[in-house]
Amino acid sequence: MKSKKVLIIGGGLAGLTAAIHLAKSGIAVTVIEKHSYPRHKVCGEYISNEVLPYFDWLGLDLTGIKAKTITDLRFSTVAGHVITTTLPLGGFGISRFALDEYLYQEALSNGCQIIIDQVENVDFENVDFDKDIFTISTQSNQTFTADLVLGAFGKRSNIDLKLKRAFMDRKSKWLAVKAHYQANITNNMVSLHNFDGGYCGVSKVENDVVNVCYIVNYDAFKKYKNITDFQEFVMTKNPHLKDLFTNSNLLFEKPLTISQISFDKKQAVEEHIIMIGDTAGLIHPLCGNGMAMAIHSAKIASELIIKYNNNTIESRAALEKEYQKKWKYTFNKRIQAGRFLSLILENKTSANLVLKMVTTFKFILPYIIKQTHGKPLTVES
Ligand SMILES: Cc1cc2nc3c(=O)[nH]c(=O)nc-3n(C[C@H](O)[C@H](O)[C@H](O)COP(=O)(O)OP(=O)(O)OC[C@H]3O[C@@H](n4cnc5c(N)ncnc54)[C@H](O)[C@@H]3O)c2cc1C
């Protein structure tokens, strides 16, 4: 039986994971990614261990790229009060520069075709009863056809505009900054430091490099001229951030930034494109679970596509319905918990109340973490 042709738009975590999964199952996969590898991305670079059983099943082994084990979480308030807890599942630190490059190489060695180009248009055409096809065109005027398209184009893309997705009409107040530093911080620990207007995640990645990534409300940021001033006059009011910025060396020429980060609701399927990763929905970075969710959604989509390919799922409509149902069931609660948490922590009074409760009742912080994370990913045989 001829396998369905799958085309994936975007070769980040979700796109490359799905590509590897589908290729391992004998499905022909093409990934179109607009940037070449390797490349730094704005991300906290802490991944929950929930992905590890699935990575094992995919034959992925991160020891070669020296992922750093992370066992503990430290949270500090603007005034510098600290709460530390053991992470229920734990995780690891790895730069996106190393991780995406590793997955890219694994996708290639599993036989995926990867094209560096920007997708400009996706058209779905009903050629005949029960016969339909996608036509995908790129910036460099290449045209592809596919039976199925996975949308793995991340938080915000030209394709979102083309699809007139609702969240693109609403302005988002969040922007984020990330850079690597040489600094002396505790091993095995991810720290989340609060400052006026946002949060800063700090943890080690491979080779003892320290990743510093923060998300900030634009209203808080815009009063300052630039990143240096904002860090100096706002962030360093938190003594832990002051210590970090005073005693570290920036390893990038300048920090990377992104803006318009939207946590609005998105559809898991649009114009018959099956959305995976941030394209389907983004949890607040405060929760440190976006990457695990991107990988998990790639797994859900791949498993269903394999069933569609071998006719266990009989129609495109059934495939789309099942994917939407599973996405909602798996991620809705987590995303809502993340939204609720960020709302509480944005307000100084409620944030202080929560922080008092968390320091008094030690079980609360692990409970909150569990609400924003999933269980280890088991794989259907
Ligand atoms: C500030 C911040 C901190 C975060 N920290 C963490 C953390 O510590 N832990 C965690 O688990 N999660 C974290 N996240 C979330 C995490 O980064 C994302 O959930 C994750 O990157 C999603 O992967 P993805 O594959 O969906 O998207 P991406 O990795 O963004 O991949 C999308 C890809 O699509 C490509 N693309 C876009 N448009 C096109 C096009 N038209 N044609 C071709 N290619 C295209 C892009 O170039 C990109 O490579 C954080 C997010 C933010 C904003």
Side-chain angles (χ1 to χ4, degrees), residues 7-19 30-51 70 73 91-96 99-100 103-104 114-122 136-140 142 149-163 172 174-178 190-192 198-203 205 211-216 255-263 266 275-298 331 334-335 338 372-374:
L7 188 137
I8 303 176
I9 308 173
L13 285 185
L16 291 170
T17 306
T30 300
V31 178
I32 307 183
E33 163 57 47
K34 69 176 175 182
H35 293 294
S36 54
Y37 301 88
R39 193 172 76 94
H40 287 290
K41 279 184 174 169
V42 175
C43 182
E45 304 188 330
Y46 161 80
I47 311 190
S48 162
N49 274 344
E50 66 202 63
V51 303
I70 294 180
L73 167 73
F92 54 92
I94 185 80
S95 72
R96 294 299 298 273
L99 180 58
D100 289 29
L103 295 177
Y104 166 61
I114 304 190
I115 288 156
I116 305 298
D117 201 347
Q118 176 164 306
V119 172
E120 292 294 343
N121 258 310
V122 187
I136 301 96
S137 53
T138 69
Q139 197 172 50
S140 65
Q142 299 191 74
V149 169
L150 288 180
F153 38 83
K155 289 173 260 307
R156 196 175 186 88
S157 162
N158 59 328
I159 307 298
D160 291 311
L161 266 181
K162 293 267 157 68
L163 294 173
S172 156
W174 298 106
L175 67 107
V177 180
K178 168 247 177 80
V190 56
S191 299
L192 204 54
Y199 294 88
C200 179
V202 181
S203 54
V205 293
N211 182 44
V212 175
C213 180
Y214 56 90
I215 182 152
V216 52
L256 302 178
T257 55
I258 51 170
S259 59
Q260 292 292 328
I261 306 164
S262 170
F263 303 108
K266 299 177 181 174
M275 308 297 187
I276 55 176
D278 289 354
T279 320
L282 173 62
I283 190 166
H284 199 287
L286 178 65
C287 309
N289 200 243
M291 289 194 272
M293 282 176 55
I295 291 161
H296 194 167
S297 63
F331 302 119
R334 247 184 263 189
I335 290 200
T372 57
H373 283 67

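Start at 1 and go down the list; that is how both ligands and their atoms are numbered. As a basis for the values below, the full set of heavy atoms in this structure was taken, side chains included, without hydrogen atoms, waters or symmetry mates.
At a heavy-atom cutoff of 4.0 Å, ligand 1 is contacted by no atom of K178, backbone or side chain. Proximity of D117 to ligand 1, defined as any heavy-atom pair under 4.0 Å, is confined to the backbone N, CA, C and O atoms. If you look at I32 next to ligand 1, the close heavy atoms, those under 4.0 Å, all belong to the backbone.
In this view, F92 satisfies the ring-ring contact (aromatic ring centres under 6.0 Å, His included) rule with no residue, not counting sequence neighbours. Listed by chain and number, the residues in a side-chain contact (heavy atoms from CB on, under 4.5 Å) with T257 are V177, I227 (sequence neighbours excluded).
A donor-acceptor contact shorter than 3.5 Å is absent between the side chain of T372 and the backbone of G338. Judged by distance alone, with hydrogens and angles left aside, the side-chain atoms of N211 form no donor-acceptor pair with the main-chain N or O of S203 at under 3.5 Å. With hydrogens and angles disregarded, no donor-acceptor distance shorter than 3.5 Å links the side chain of D100 to the backbone of L16. Between the side chain of K266 and the backbone N or O of D278, at least one donor-acceptor pair lies under 3.5 Å. Between the side chain of Q118 and the backbone N or O of Q139 there is no donor-acceptor pair closer than 3.5 Å. T279 contributes no side-chain N or O that, together with a main-chain N or O of M275, makes up a donor-acceptor pair within less than 3.5 Å. A donor-acceptor contact shorter than 3.5 Å links the side chain of N158 to the backbone of V119. With hydrogens and angles disregarded, a donor-acceptor distance shorter than 3.5 Å links the side chain of K162 to the backbone of E120.
Looking only at protein heavy atoms, the nearest one to atom 35 (C) of ligand 1 is E33 OE1, 3.2 Å. Nearest protein heavy-atom neighbour of atom 7 (C) of ligand 1: Y46 O, 3.6 Å. Atom 16 (C) of ligand 1 has as its closest protein heavy atom M291 CG, 3.8 Å. Scanning the protein heavy atoms around atom 37 (C) of ligand 1, the nearest turns out to be F153 O, 3.3 Å. In terms of protein heavy-atom proximity, atom 51 (C) of ligand 1 is nearest to P285 CG, 3.9 Å. The closest protein non-hydrogen atom to atom 18 (C) of ligand 1 is D278 OD2, 3.2 Å. Protein heavy atom closest to atom 42 (N) of ligand 1, with residue, atom name and distance, is V119 N, 2.9 Å. Atom 28 (P) of ligand 1 has as its closest protein heavy atom K41 NZ, 3.7 Å.
Within the structure, the closest approach of C213 to ligand 1 falls below 4.0 Å when heavy atoms are considered. Within the 4.0 Å heavy-atom shell around ligand 1 one does not find V190. A heavy-atom separation below 4.0 Å is not found between I47 and ligand 1. Within the 4.0 Å heavy-atom cutoff, R96 counts among the residues contacting ligand 1. Residue contacts with ligand 1: T279 is excluded, as none of its non-hydrogen atoms falls under 4.0 Å.
In the vicinity of S157, heavy-atom distances shorter than 4.0 Å reach the ligand 1 atoms 37 (C), 38 (N), 39 (C), 41 (N). Under a 4.0 Å criterion applied to the non-hydrogen atoms of N158, ligand 1 contributes the atoms 40 (C), 41 (N). Below 4.0 Å from some heavy atom of A176 lie the following atoms of ligand 1, by number and element: 1 (C). For ligand 1, the atoms closer than 4.0 angstrom to any heavy atom of A294 are 22 (C), 23 (O). Near N289, meaning under 4.0 Å from any of its heavy atoms, are these atoms of ligand 1: 10 (C), 11 (O). Counting the atoms of ligand 1 from 1 in the order shown, those under 4.0 Å from a heavy atom of E45 are 7 (C), 8 (O).
Checked against a 3.5 angstrom limit, the closest N/O atoms of G290 and ligand 1 fall inside it. Residue H35 places no N or O, backbone or side chain, under 3.5 Å from any N or O of ligand 1. Polar contact check, A14 against ligand 1: a nitrogen or oxygen pair lies under 3.5 Å apart. Polar contact with ligand 1: absent for L282 (N/O pair, distance under 3.5 Å). Looking at K34 next to ligand 1, an N or O pair under 3.5 Å apart turns up. When only interatomic distances are considered, the shortest N/O to N/O separation between V42 and ligand 1 does not fall below 3.5 Å.
Nearest heavy-atom pair across A14 and A294 is CB-O, 3.7 Å.
In this structure, H40 NE2 and H35 NE2 are separated by 14.0 Å, a value rounded to the nearest 0.5 Å. Considering CG of N121 and OG1 of T138, their distance stands at 10.5 Å, rounded to 0.5 Å. Put simply, CG on N289 and CD1 on I295 are 10.0 Å apart, with the number rounded to the nearest 0.5 Å. Rounded to the nearest 0.5 angstrom, L103 CG and Y37 OH are separated by 8.5 Å.
Closest to atom 27 (O) of ligand 1 by heavy atom, among G91, G44, G154, G12, is G154. Of the candidates A152, G277, C43, it is A152 that places a heavy atom closest to atom 32 (C) of ligand 1. Comparing I261, L13, I276, L99 by heavy-atom distance to atom 53 (C) of ligand 1, the nearest is I261.
Ring-plane geometry between W174 and H284 is classed as perpendicular, the angle between the planes exceeding 60 degrees on a 0 to 90 degree scale with a lower cut at 30.
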Worksheet item: Could you go step by step and tell me if R96 and L13 meet the side-chain contact (heavy atoms from CB on, under 4.5 Å) rule?
Response: CA-CA 9 Å; R96 294 299 298 273; L13 285 185; 3.4 Å; yes
Worksheet entry | Worked verdict on S140 versus D117 for side chain to side chain donor-acceptor pair (under 3.5 Å) | CA-CA 7 Å; S140 65; D117 201 347; 2.4 Å; yes
